[in-house]
> 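Quick one: this structure, given as structure tokens, is what I'll be asking you about.
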Amino acid sequence: MLKVHLPDGNVLEYSRRVRALDVAADIGPRLAKAALGAEVDGRIVGVDAFLPDEGDVDLRLLTKKDAASLDLMRHSCAHVMARAVMRLFEGVQLAFGPTVDNGFYYDFLLDRPLSEDDFPEIEAEMAKIIKDDEPFERLEQPHAKAVELCRELGQTLKVEHLEAGLDEHEMVSFYRQGEFLDLCRGPHVPSAGAIGALKLLSVAGAYWKGDASRQQLQRLYGTAWFDKKELDDYLMRLEEAKRRDHRVLGKQLELFLIDPEVGSGLVLWLPKGATVRRELESFIYGELIRRGYQPVYTPAIGRVQLYETSGHYPYYAHSQFPPIEMSDGDRFLLRPMNCPHHIKIYQSKPRSYRDLPLRIAELGLVHRFEQSGELTGMTRVRGFTQDDAHIFCTEDQVADEFRGCLDMTQFVLKTLGLDDYRVRLSFRDPKSDKYVGRPEDWDRAEAALEAVCRDLDLPNLEIEVGEAAFYGPKADFIASDCIGRQWQLGTVQLDYNLPSPQRFNLEYIGADNHPHQPVMIHRAPFGSLERFTGMLIEHFAGAFPLWLAPEQARVMVVSQKFEEYGRSVEAALRAAGLRVSSDYRPEKVGAKIRDAQIELIPYMFVVGNREAETGTVALRDRREGDLGTMSLDAAVAKLKQEIDAKTIR
RNA sequence: GCUAGCGUAGCUCAACCGGCAGAGCAGCUGAUUUGUAAUCAGCAGGUUGUGGGUUCAAGUCCCUCCGCUAGCUCCA
């Protein structure tokens with residue numbers, strides 16, 4: 001006897017063997033038709049899956065309305081795409097074809113390079129398959145039989161996967177759809193007709209099992225949704241993302257420049273971008289001072305020996321610029337991180353426990369030789385500025401210092417309107433021995449970090465065991481921008497390595513008059529100013545809040561006759577400390593407004609006869625439009641208030 | 001680094017099968033003196049990313065290098 005518990009509390013009883021679909025049919029024919037999959041005791045299966053013969057199960061039938069069925073459908077869509085590709089091209093070897101966020105991909109091995117020009121043909125073939133609406137059939141096979149079957153099909157990658165990856169499975173599953181048979185764990189929707197609106201998006205190279213030493217496959221990416229409108233919305237979101245692209249806006253708004261003659265991945269900050277950065281810097285410095293940090297300045301270069309002591313050289317040589325060799329044999333490295341310099345500052349005199357915690361901060365320029373294919377605008381570069389700080393403290397102070405770092409990062413994100421973020425705590429894998437430091441210190445630190453995070457009630461906290469760096473546990477902040485893209489930004493990391501006797505052998509004299517090893521914390525709320533600014537450009541779509549805007553106000557005259565009054569307004573705004581520009585061209589006011597709107601200037605001061613006579617200004621907000629006439633003083637006060645409050649609109 | 005695609009005026013983009021490189025915006029000059037998202041006219045702007053090759057003829061076809069884009073890989 002089987003008892004099936006449904007989400008509405010009803011219980012159905014069966015004494016025969018039933019599939020999820022049979023239960024659906026018993027509930028109602030419409031549900032049986034609409035069911036795309038089922039959730040049995042929390043596991044997602046196909047509707048053709050048999051339920052256990054007896055006992056109790058929770059069953060939920062999944063229809064278009066359930067998020068989980070979208071994933072099922074996309075997986076089926078990947079199969080349909082593979083089937084279409086196999087119909088169109090000879091000698092296609094299948095690799096993997098899973099779902100990803102918003103879509104799916106399938107990796108193929110074939111002689112002919114695929115290009116976007118092939119998409120219409122593949123999409124047309126997919127449409128045919130979907131229209132034919134053939135069922136997806138699940139076939140269970142013993143492992144040996146499966147290997148044989150894949151050999152017969154000529155699918156050598158699948159054979160390899162069976163032998164190397166699935167060798168412990170006695171039974172494996174295939175899915176058949178018409179002439180198409182593929183090794184696949186499933187589950188799938190009942191038939192191809194359940195697939196809604198789809199679009200192939202891109203083709204890219206991908207290595208077999210992610211191994212760069214293996215052959216490279218061709219990966220086709222696509223997206224699929226239950227209805228056309230959802231697809232269109234998604235494509236619109238992609239368009240919106242393109243419109244906000246910091247590389248496009250950075251050029252349009254003259255924020256930054258990357259010039260091939262200077263070098264890939266090396267950012268030139270134009271005056272307007274530099275203004276944004278300067279505001280961010282003075283904001284961060286203000287916070288640092290308030291929170292007891294001591295700013296320092298150190299050079300962007302150091303002797304190779306220093307990085308040999310730190311262990312960064314030659315271990316990370318492949319991602320550094322090679323050393324600079326001097327004629328006397330001395331060798332220097334462009335620094336890939338700031339810590340060794342800061343450690344030297346720590347070591348510049350004997351330290352007592354009374355000096356701790358010592359918090360040393362610097363907006364430090366570092367260089368890393370990222371692979372050419374990895375470079376992207378400002379978010380992935382070869383030279384960047386970390387809003388870096390190193391805290392040297394005692395074991396007992398770790399929790400409080402960690403709390404302070406998290407608090408500052410939270411404050412920074414909140415100030416910039418990045419309210420949607422999650423925190424990832426990375427802990428060590430207790431089974432691995434790759435970590436430095438004593439296990440009991442790790443245990444204490446990890447427990448303390450977790451307690452602090454829980455206490456601060458951090459949103460969406462997740463703990464990843466085994467993700468810690470070899471030198472210590474860490475917390476990363478991953479923020480979502482206003483269109484839902486995720487950016488890894490700030491980080492707080494504990495370090496047991498650099499202070500150790502094997503590295504810099506840091507010490508402080510404790511209350512017991514004996515030397516002790518301090519703990520080091522690395523932290524950077526922005527991560528890097530380059531990436532953070534790039535992310536902010538996209539987050540605000542170039543329309544920075546007033547305190548960050550490169551040009552905060554523009555004075556424009558209705559006619560050149562009023563230039564004199566315009567200049568007096570301009571001077572008053574400048575005297576009030578605002579970043580102001582002006583437009584006295586012999587253009588219509590509409591044209592001047594349009595230009596200022598396109599440049600995303602927050603406030604426009606429109607002045608003509610009426611204003612000149614009464615000593616007022618007509619204020620225009622880039623978002624709200626005309627705000628009406630007011631006294632110059634009132635307008636200045638309004639802007640200053642908005643700047644001081646760092647208002648985000 | 002690898003795979004695929006791309007590189008034409010400051011910007012956005014045209015130029016058929018290889019046959020005289022072209023437009024809009026921006027810029028400059030002149031006219032216009034304007035009231036909340038584009039006034040009109042004229043001028044100027046190019047070694048088609050680089051170097052080579054095929055051809056009577058190359059923006060277009062082939063090769064090299066540089067750069068960009070998507071993804072893979074890597075990421076202290």
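Chain naming here is simple, since letters A, B, ... match the order of the sequence lines and numbering starts at 1 in each. Just the heavy atoms: all of them, side chains too, but no hydrogens, waters or symmetry mates, feed the values below.
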> Taking the C1' atom of each, how far is B/rG59 from B/rG7, in whole Å?
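It comes out at 11 Å once rounded to the nearest Å.
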
> Would A/E642 and A/Y603 count as having a side-chain donor-acceptor pair, cut-off 3.5 Å?
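There is such a pair (donor and acceptor under 3.5 Å, judged by atom type) between the side chains of A/E642 and A/Y603.
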
> Would you please test A/H161 and A/F96 for ring pair (Phe, Tyr, Trp, His ring centres under 6.0 Å) and show each step?
CA-CA 10 Å; A/H161 181 55; A/F96 295 125; 4.8 Å; yes

> Can you identify which nucleotide, out of B/rG5, B/rG71, B/rG35, has its nearest atom closest to the A/S115 side chain?
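Among B/rG5, B/rG71, B/rG35, the one nearest the side chain of A/S115 is B/rG5.
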
> Between A/R523 and A/E401, does at least one N-O distance fall below 4.0 Å, as a salt bridge requires?
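So A/R523 does not pair with A/E401 through a salt bridge.
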
> If we ignore angles and hydrogens, is there a donor and acceptor under 3.5 Å between the side chains of A/Q493 and A/Y471?
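Distance-only check passes for A/Q493 and A/Y471.
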
> Where is the tightest heavy-atom contact between A/Y313 and A/P323, given as atom of each residue plus distance?
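Closest approach of A/Y313 to A/P323, heavy atoms only: OH-CG, 3.4 Å.
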
> Taking a pair as Watson-Crick or G-U wobble with both distances under 3.5 Å, which nucleotide is matched to B/rG59?
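Its partner: none found.
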
> Which part of the nucleic acid, if any, lies within reach of A/Q215 when heavy atoms closer than 4.0 Å are counted: base, sugar-phosphate only, or nothing?
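Counting heavy atoms under 4.0 Å across all strands, no contact is made by A/Q215.
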
> Taking the C1' atom of each, how far is B/rA38 from B/rC25, in whole Å?
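After rounding to an integer number of Å, I get 10 Å for this pair.
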
> Taking B/rU50 as the reference, what is the distance to B/rG67 when you measure between their C1' atoms (whole Å, please)?
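Result for the C1' pair: 10 Å, nearest Å.
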
> Between the base of B/rU3 and the side chain of A/Q218, is there any donor-acceptor pair under 3.5 Å?
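Answer no: no donor N or O sits under 3.5 Å from an acceptor.
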
> Applying the side chain to side chain donor-acceptor pair (under 3.5 Å) test to A/Q597, which of A/R622, A/K592, A/R620 qualifies?
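Only one option passes, and that is A/R620.
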
> Base, sugar-phosphate, or nothing: which does A/E587 touch, judged by heavy atoms less than 4.0 Å apart?
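A/E587: base contact, heavy atoms under 4.0 Å.
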
> Which nucleotide, in any strand shown, forms a Watson-Crick or G-U wobble pair with B/rC17, with both distances under 3.5 Å?
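Base-paired to nothing in any strand shown.
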
> Identify whether any heavy atom of A/Q597 sits under 4.0 Å from a base atom; if not, whether one sits that close to sugar-phosphate; answer base, sugar-phosphate or nothing.
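Contact class for A/Q597: base.
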
> How is A/G608 classified with respect to the nucleic acid when contacts are heavy atoms under 4.0 Å: base, sugar-phosphate, or nothing?
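Base contact.
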
> Given the ring of A/Y207, does A/R214 sit roughly above its face, with NZ or CZ under 6.0 Å from the centre of the six-membered ring and within 45° of the axis?
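That pair does not qualify as a cation-pi contact.
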
> What's the gap between B/rC62 and B/rG19 when it is taken at their P atoms, as a whole Å value?
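Taking atom P in both B/rC62 and B/rG19, they lie 15 Å apart.
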
> Report the base-pairing partner of B/rG7 (Watson-Crick or G-U wobble, both distances below 3.5 angstrom), or none.
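B/rG7 is paired, partner B/rC66.
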
> On RNA chain B, check which nucleotide each of A/D626 and A/A206 is closest to and give me the residue with the more 5' one.
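Looking at RNA chain B, the more 5' nearest nucleotide goes with A/D626.
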
> Contact class for A/Y105 (heavy atom, under 4.0 Å): base, sugar-phosphate, or nothing?
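It contacts nothing in the nucleic acid.
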
> Do A/D211 and A/K209 meet the salt-bridge criterion of a basic N to acidic O distance under 4.0 Å?
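Result for this pair is no, no salt bridge flagged.
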
> Please determine, for B/rC40, whether a Watson-Crick or G-U wobble partner exists with both distances under 3.5 Å, and give it or none.
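Because both required distances fall under 3.5 Å, B/rC40 counts as paired with B/rG30.
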
> If you check the A/K251 side chain, which of B/rU34, B/rU12, B/rC74 turns out closest?
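Closest nucleotide to the A/K251 side chain: B/rU12.
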
> Of the nucleotides B/rA37, B/rU34, B/rG67, which one has an atom closest to the side chain of A/K588?
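Taking heavy atoms from C-beta onward, the closest nucleotide is B/rU34.
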
> Round to the nearest Å and state the distance from A/R243 atom CZ to B/rC11 atom P.
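Nearest whole value for this atom pair: 21 Å.
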
> Let me know the distance between CG of A/D595 and C1' of B/rU34, rounded to the nearest Å.
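Computing the A/D595:CG to B/rU34:C1' distance gives 15 Å.
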
> Determine the Euclidean distance between corresponding P atoms of B/rG52 and B/rA14; express it in Å to zero decimal places.
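One P to the other, the span is 29 Å.
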
> Mapping A/G210 and A/I258 onto RNA chain B by nearest heavy atom, which one lands closer to the 5' end?
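Upstream on the strand: A/I258.
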
> Using a strict threshold of under 4.0 Å (side-chain N to carboxylate O), is an ion pair present between A/E564 and A/R567?
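No, this pair does not count.
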
> With syn defined as a glycosidic angle within 90° of 0 and anti as everything else, classify B/rC66.
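Nucleotide B/rC66 adopts anti.
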
> From CD of A/Q216 over to P of B/rG1, roughly how many Å is that when rounded to an integer?
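Between P of B/rG1 and CD of A/Q216: 14 Å.
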
> Respond yes when some side-chain nitrogen or oxygen of A/S372 is under 4.0 Å from OP1 or OP2 of B/rG1, and no when none is.
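Yes, within the criterion.
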
> Using a heavy-atom cut-off of 4.0 Å across all strands, would you classify A/R620 as base, sugar-phosphate, or nothing?
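Base, at least one base atom sits under 4.0 Å.
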
> B/rU73 base to A/E374 side chain: any donor-acceptor pair below 3.5 Å?
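Yes, the side chain and the base share a sub-3.5 Å donor-acceptor pair.
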
> OP1 or OP2 of B/rU69 sitting under 4.0 Å from any side-chain N/O of A/T376?
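Result: no.
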
> Give one of base, sugar-phosphate or nothing for A/V558, where a contact means two heavy atoms less than 4.0 Å apart.
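Result for A/V558 = base.
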
> Could you tell me the Watson-Crick or G-U partner of B/rG46, where both distances fall under 3.5 Å? Say none if there is no partner.
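Per the H-bond distance test, none.
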
> Could you state the atom-to-atom distance from CG of A/L375 to P of B/rG71 in whole Å?
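Answer to the nearest Å: 14 Å.
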
> Do the side-chain N or O atoms of A/R247 get closer than 4.0 angstrom to the phosphate oxygens (OP1, OP2) of B/rA70?
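Yes, within the criterion.
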
> Could you state the CG-C1' distance from A/L253 to B/rA26, rounded to the nearest angstrom?
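Atom-to-atom, A/L253 to B/rA26, this comes out as 15 Å.
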
> Taking atom P of B/rG67 as reference, at what distance in whole Å does atom CG of A/L268 sit?
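Atom-to-atom, A/L268 to B/rG67, this comes out as 15 Å.
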
> Round to a whole Å and report the spacing from OH of A/Y106 to P of B/rU3.
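Rounded to the whole Å, the gap is 23 Å.
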
> Do the side chain of A/Y207 and the base of B/rG1 come within less than 3.5 angstrom through a donor-acceptor pair of N or O atoms?
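A donor-acceptor contact between them is present.
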
> Using whole Å, report how far CG of A/L109 lies from P of B/rU3.
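These atoms are roughly 14 Å apart.
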
> Can you check the distance between B/rA9 and B/rA21, where both ends of the measurement are the P atom (answer in whole Å)?
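16 Å, rounded to whole Å.
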
> Please report the distance separating the P of B/rA58 from the corresponding atom of B/rG51, rounded so that it comes out in whole Å.
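Comparing P positions in B/rA58 and B/rG51 gives a spacing of 15 Å.
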
> Ignoring the backbone of A/V203, work out which of B/rU34, B/rG35, B/rA4 is nearest its side chain.
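Comparing B/rU34, B/rG35, B/rA4 against the side chain of A/V203, the answer is B/rA4.
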
> Mind checking the C1' distance from B/rC28 to B/rA70? Whole angstroms is fine.
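Going atom to atom, C1' in each nucleotide, I get 40 Å.
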
> Base, sugar-phosphate, or nothing: which does A/A469 touch, judged by heavy atoms less than 4.0 Å apart?
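Nothing: the residue A/A469, judged by heavy atoms under 4.0 Å, touches no strand.
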
> In terms of side-chain heavy atoms of A/R380, which of B/rC74, B/rU36, B/rG71 is nearest?
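Among B/rC74, B/rU36, B/rG71, the one nearest the side chain of A/R380 is B/rC74.
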
> Does A/S202 make a side-chain N or O approach to OP1 or OP2 of B/rG71 shorter than 4.0 Å?
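Answer no for this pair, as no side-chain N or O of A/S202 is under 4.0 Å from OP1 or OP2.
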
> Assess whether a salt bridge exists between A/R243 and A/E239, defined as any Lys/Arg side-chain N lying under 4.0 Å from an Asp/Glu carboxylate O.
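No, this pair does not count.
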
> Any base atoms under 4.0 Å from A/E611, or only sugar-phosphate, or nothing? Heavy atoms, all strands.
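Answer is base: heavy atoms of A/E611 come under 4.0 Å of a base.
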
> Look at A/K561 and B/rU34 and indicate whether a side-chain polar atom (N or O) is within less than 4.0 Å of OP1 or OP2.
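Yes, within the criterion.
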
> Once you apply the 3.5 Å cut-off to both distances, tell me the Watson-Crick or G-U wobble partner of B/rC2, or none.
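B/rC2 is paired with B/rG71.
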
> Is there a donor N/O on one and an acceptor N/O on the other, under 3.5 Å, for the side chain of A/E254 and the base of B/rG10?
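Check fails, no donor-acceptor contact within cut-off.
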
